[in-house]
Amino acid sequence: MPAEDQQVRVTWALPRYGPPGRVSVVDDFNDWTPGTTELRARSNGKRTAAVVVPRGTTLRFRRLASNGHRFEDADASARDDQGCLISV
């Protein structure tokens with residue numbers, strides 16, 4: 001496992017009110033399995049999920065609502081046919 005200073009915490013956030021129902025982040029880090037990395041309601045009015053990955057990692061991810069609706073992250077630095085890309 002990389003040293004703590006070589007790890008980066010990546011957090012996804014959405015407003016609590018939308019989209020309705022459960023929302024997950026799916027990526028290689030969770031074998032693209034819905035529900036594994038679920039955004040949870042927080043006291044600040046948002047839903048968030050976080051993972052810790054080695055510095056220098058590129059994440060290819062999608063957010064997936066409980067009805068199977070996939071939606072992109074408007075803040076992602078890049079996209080391809082498999083999802084949004086961010087490098088940390």
Side-chain angles (χ1 to χ4, degrees):
M1 175 175 263
E4 189 172 314
D5 65 340
Q6 293 300 309
Q7 296 181 348
V8 178
R9 181 181 177 94
V10 179
T11 303
W12 290 270
L14 289 174
R16 185 178 293 172
Y17 57 81
R22 296 175 144 186
V23 176
S24 298
V25 176
V26 292
D27 189 332
D28 288 335
F29 61 76
N30 62 18
D31 294 323
W32 298 88
T33 305
T36 302
T37 309
E38 187 173 320
L39 282 80
R40 304 269 185 208
R42 307 295 178 197
S43 61
N44 65 2
K46 295 183 179 184
R47 291 184 286 176
T48 66
V51 297
V52 176
V53 296
R55 187 174 306 281
T57 298
T58 296
L59 299 171
R60 175 178 282 115
F61 69 94
R62 290 186 186 239
R63 292 185 293 194
L64 184 65
S66 58
N67 61 4
H69 174 72
R70 296 183 309 198
F71 56 102
E72 306 300 340
D73 186 334
D75 296 327
S77 58
R79 291 173 186 75
D80 68 10
D81 61 334
Q82 294 181 342
C84 297
L85 299 166
I86 55 172
S87 295
V88 296

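Worth knowing before you read on, the calculation uses all heavy atoms, side chains too, and leaves out hydrogens, waters and symmetry mates.
Between the CZ atom of R60 and the SG atom of C84 there is a distance of 10.5 Å, given to the nearest 0.5 Å.
The heavy-atom pair separating W12 from L39 by the smallest distance is O-CD2, 4.0 Å. Across every non-hydrogen atom of S24 and P34, the tightest pair is OG-C, 3.9 Å. The two atoms that bring R9 and A50 nearest to each other are NH2-CB, 3.5 Å, heavy atoms only. Residues P20 and S66 share a closest heavy-atom pair of O-OG, 4.4 Å. Smallest separation of non-hydrogen atoms from L14 and P19: CD1-CD, 4.1 Å. The two atoms that bring Q7 and R55 nearest to each other are O-NH2, 3.8 Å, heavy atoms only.
Counting heavy atoms from C-beta outward, F29 and T36 have side chains that stay 4.5 Å or more apart. Contact check for V8 versus T57: no side-chain heavy atoms found under the 4.5 Å cut-off.
Atom CZ of R22 has 12 or fewer neighbouring heavy atoms from other residues, nucleotides or ligands inside a 6.0 Å radius.
Two different hydrophobic clusters hold L85 and V88 under the rule that ILVMFWY side chains link at heavy-atom gaps under 4.5 Å. When the side chains of ILVMFWY residues are joined at heavy-atom separations under 4.5 Å, either directly or via intervening members, L64 and V10 end up in two distinct hydrophobic clusters.
Checked options D27, D28, T33; the residue passing with D31 is T33 (criterion: side chain to side chain contact (heavy atoms under 4.5 Å, CB included)).
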